[in-house]
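Have a look at the structure below before the remarks.
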Protein chains: 2
Amino acid sequence: MESEPAQSANRAVTLRDVAKLAGVSIATASKALNNQPQVRAETRARVIRAAEQLSFSPNTLAQGLITQRSGTVGLLTSDLEGRFSIPILMGAEDAFGSDQTSVFLCDARGDAVREKHHLRALLSRRVDGLIVVGARPDARASLGRDLPVPVIYAYSPSADPDDLSLVTDNVGGGRLAVDHLIRHGRRRIAHITGDETYGAAQDRARGALERLGEEGLALAGEQVWFGSWSEAWGRGATRMVLQRTPDVDAIFAGSDEIARGVLDTLHQENLDVPGKVAVIGFDNWNILAANARPPLSTVDMNLEQLGRLAAQRLFAAIDGTLEGGVETVGCRLVIRESS
Amino acid sequence: MESEPAQSANRAVTLRDVAKLAGVSIATASKALNNQPQVRAETRARVIRAAEQLSFSPNTLAQGLITQRSGTVGLLTSDLEGRFSIPILMGAEDAFGSDQTSVFLCDARGDAVREKHHLRALLSRRVDGLIVVGARPDARASLGRDLPVPVIYAYSPSADPDDLSLVTDNVGGGRLAVDHLIRHGRRRIAHITGDETYGAAQDRARGALERLGEEGLALAGEQVWFGSWSEAWGRGATRMVLQRTPDVDAIFAGSDEIARGVLDTLHQENLDVPGKVAVIGFDNWNILAANARPPLSTVDMNLEQLGRLAAQRLFAAIDGTLEGGVETVGCRLVIRESS
DNA sequence: CGACTTGCCGAAAACGTTTTCGAGAACGTA
DNA sequence: TACGTTCTCGAAAACGTTTTCGGCAAGTCG
């Protein structure tokens with residue numbers, strides 16, 4: 001069973017070794033392994049056999065040096081907990097074939113000088129492209145226009161409209177949530193969300209209001225409850241909502257954290273979910289949503305898809321050229337039991 | 001303000017360009033920039049000036065090719081959500097200076113063939129070393145002994161004792177939690193934890209029991225409540241604990257998720273936390289612990305420190321040689337308001 | 001039979017660095 | 001003057017690939 005073919009991968013087996021074993025020149029060996037046509041089938045087979053016998057693996061650095069392509073991209077994030085960047089990274093990872101392109105992950109921890117540092121290092125490594133993932137879904141400073149590689153801004157758009165930014169369709173997400181509630185017969189819908197200064201909070205609220213408007217409805221309580229992105233705010237705001245409009249029959253929370261707070265207060269008040277009040281969150285943060293009581297319906301931002309898209313756009317931009325603008329990725333409803 | 005020195009970083013400025021501008025040979029330019037002694041101070045200054053004028057940044061691929069050192073390491077994880085690997089990554093990142101070493105992040109998604117794939121790719125990229133982060137804190141299969149670079153297993157130890165593994169001191173963590181409860185006068189302590197097949201669950205329980213034993217105490221309810229790592233189990237188990245031992249005055253939960261469930265049931269039963277019952281969790285998963293009601297005291301595994309240590313050990317192993325074994329990293333108490 | 005095509009292969013240049021080694025200059029010493 | 005030292009510097013090799021180009025043999029065609 002353990003009879004691996006003597007692959008003492010000890011010291012760096014090179015193409016020269018393969019060529020010697022196969023009895024050909026380095027050039028031919030290279031062509032044989034790269035499916036170049038100008039090599040006889042029998043020779044190719046011999047080379048390939050020699051390569052596996054030595055368990056040859058080409059030195060990507062050398063390849064990159066000559067092809068002017070390192071086969072790497074940098075993922076530059078400021079998202080401490082990796083909450084948003086991880087799904088994006090995973091999406092990007094499987095859009096690039098893992099053997100074609102590897103990704104450097106750098107966390108700037110929200111520090112501009114550290115970001116500059118990382119940027120220099122990545123460029124020095126001759127990455128073929130960059131994906132920048134901001135910490136919050138608002139515009140962030142551009143890395144500048146004179147970089148030697150294409151840059152794509154994911155999640156947070158760049159402040160420079162000439163850059164290409166890929167963002168969540170928060171307005172659409174808000175519509176989606178409210179639409180779902182309306183379809184299930186809810187009419188007195190409240191919206192509790194996070195920090196007013198976040199564009200995402202504004203957009204989600206706007207989408208919700210639009211959809212309500214189409215139905216001739218207004219928000220229960222006549223206002224959007226802005227606050228902070230925390231459970232505590234969700235709990236407190238729910239108490240206020242219940243006081244002002246006791247007959248509320250649905251609450252759309254701007255994040256899953258807030259939604260957890262909402263659920264908590266509803267339980268305390270003995271209001272059945274979803275019997276009496278339906279609740280829907282935002283983010284589909286699994287650990288919060290799936291473990292809630294009852295499991296939380298929520299809006300998923302499709303971040304993996306956003307990552308895949310970023311990878312595709314980047315890939316295309318590497319040979320061609322990149323045109324700026326903002327592309328949005330739609331959200332998706334994840335229905336569990338709270339609605 | 002925008003008067004950057006004409007750094008049209010357009011097409012790859014090389015050392016040759018710097019040398020030409022400074023009026024020296026490539027060799028001298030290289031020595032000047034690398035602080036080699038055999039170059040006159042005045043010449044060095046001229047070269048350096050030329051380099052910044054062109055905003056030269058050396059091609060790391062070429063450097064790596066000749067120095068036989070790529071300045072990169074691979075972080076191979078199977079931890080989907082990045083829950084454990086991210087802190088470890090961050091620790092590793094700041095242990096390596098960011099300009100010295102960059103890290104490739106690869107997620108195998110728990111799939112062995114994908115892992116093999118990534119491994120091949122990383123070796124082909126000539127990483128200087130590997131850090132392997134498993135999905136659960138139990139032993140995982142070794143990558144094998146005949147790899148050309150040092151490997152360090154973090155969080156999950158390798159099954160091969162000749163590999164170097166860095167793990168959490170779960171026994172110590174259990175002791176820590178119980179010790180804290182005892183010091184605050186608790187005597188009837190229950191332990192609700194996750195899946196019995198997890199070594200971490202066993203170890204934490206063992207540490208708890210040891211510390212209780214030293215005090216001549218037994219576990220409230222005479223058993224460890226093994227179950228699953230979910231809030232639902234925390235809720236259910238707490239109900240059973242209260243039924244069997246209504247006078248319980250503290251609950252040590254095997255994870256913060258479970259602790260959330262515990263808190264939930266205690267609220268329902270109108271038992272004040274920490275007045276009547278103290279609760280302590282494990283993981284210090286901020287989103288869960290800090291947002292709990294009341295904020296949850298918990299045991300932190302110091303994963304960033306584990307990452308830093310991994311980086312240090314790896315760094316040392318890159319030139320020297322690596323001796324196997326298991327090193328443990330201690331836990332740390334994070335006291336909030338639930339205890 | 002000569003000329004042209006085709007198929008297969010190897011020599012060598014190139015990518016951008018680092019490092020070794022020898023050369024030249026300037027200087028002091030015998 | 002002849003010789004050894006000490007400073008600076010540059011030519012060239014090396015790292016491991018890919019790619020261009022030319023050469024040779026065999027086959028095809030007029």
Side-chain angles (χ1 to χ4, degrees), chain A residues 9-48 50-51 54-72 99-100 121 123-128 148, chain B residues 9 11-48 50-51 54-72 99 121 123-128 148:
Chain A
N10 246 352
R11 283 314 131 196
V13 27
T14 83
L15 190 55
R16 179 195 312 283
D17 304 324
V18 176
K20 191 180 302 178
L21 180 58
V24 298
S25 74
I26 307 188
T28 319
S30 170
K31 282 178 278 196
L33 295 177
N34 292 341
N35 288 334
Q36 299 288 108
Q38 333 97 317
V39 41
R40 194 157 38 127
E42 190 271 336
T43 312
R44 184 189 309 281
R46 219 170 52 227
V47 171
I48 291 180
L54 301 173
S55 72
F56 167 73
S57 121
N59 185 325
T60 315
L61 277 61
Q63 286 178 319
L65 191 53
I66 155 162
T67 61
Q68 307 282 40
R69 189 140 304 171
S70 65
T72 61
D99 32 22
Q100 305 295 346
L123 291 180
S124 182
R125 295 230 130 79
R126 296 301 186 266
V127 291
D128 296 331
Chain B
R11 283 315 132 199
V13 27
T14 82
L15 191 55
R16 180 195 312 282
D17 304 324
V18 176
K20 190 180 303 176
L21 179 58
V24 298
S25 75
I26 307 188
T28 322
S30 170
K31 282 178 279 197
L33 294 177
N34 293 340
N35 287 335
Q36 297 290 107
Q38 333 97 317
V39 41
R40 195 156 38 124
E42 191 270 338
T43 311
R44 184 191 308 283
R46 219 171 51 229
V47 171
I48 291 180
L54 300 173
S55 72
F56 167 71
S57 120
N59 185 325
T60 314
L61 276 61
Q63 285 179 320
L65 190 53
I66 155 162
T67 62
Q68 307 282 37
R69 189 141 304 171
S70 65
T72 60
D99 32 22
L123 291 179
S124 183
R125 296 229 128 80
R126 296 300 187 265
V127 291
D128 296 330

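Just so we're on the same page: letters track the sequence lines, and every chain starts at 1. Quick caveat: nothing in here was measured; it's all calculated off a predicted structure.
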Starting at [atom1] of [X] and ending at [atom2] of [N], how long is that distance when rounded to a whole Å?
X     : N      : atom1 : atom2 : result
B:R16 : D:dA11 : CZ    : C1'   : 13 Å
A:N35 : C:dC8  : CG    : P     : 15 Å
B:K20 : D:dG10 : NZ    : P     : 14 Å
A:Q38 : C:dC9  : CD    : P     : 10 Å
A:L15 : D:dT19 : CG    : C1'   : 13 Å
B:K31 : C:dT19 : NZ    : P     : 10 Å
B:Q36 : C:dT18 : CD    : C1'   : 9 Å
B:L61 : D:dA14 : CG    : P     : 22 Å

Which is true for B:T43 with a 4.0 Å heavy-atom rule: it touches a base, it touches only sugar-phosphate, or it touches nothing? sugar-phosphate

With a 3.5 Å distance limit and no angle check, can you tell me whether [X] reaches the backbone of [Y] through a side-chain donor-acceptor pair?
X      : Y      : value
A:T60  : B:S124 : yes
A:N34  : A:Q36  : no
B:R125 : B:S70  : no

Please figure out whether B:T67 or A:E42 has its closest DNA chain C nucleotide nearer the 5' end. A:E42

How do B:S30 and A:R40 order along DNA chain C: which one's closest nucleotide is nearer the 5' end? A:R40

Taking the nucleotide of DNA chain D with the nearest heavy atom to each, does B:P37 or A:A27 sit closer to the 5' end? B:P37

Tell me which of B:A29 and B:Q68 sits closer to the 5' end of DNA chain D, going by the nucleotide each one is nearest to. B:A29

Below the 4.0 Å mark, does D:dT18 have OP1 or OP2 next to a side-chain nitrogen or oxygen of A:N34? yes

Report yes if at least one side-chain N or O of B:T28 is closer than 4.0 Å to OP1 or OP2 of D:dG10; otherwise report no. yes

Side chain of B:V39 only, please: which of D:dC9, C:dT17, D:dG16 is the nearest? D:dC9

All heavy atoms of B:I66 vs all of B:A62, minimum pair found to be CG2-O, 3.0 Å

Which atom names give the shortest non-hydrogen contact between B:S30 and B:L15, and what distance separates them? CB-CD2, 3.8 Å

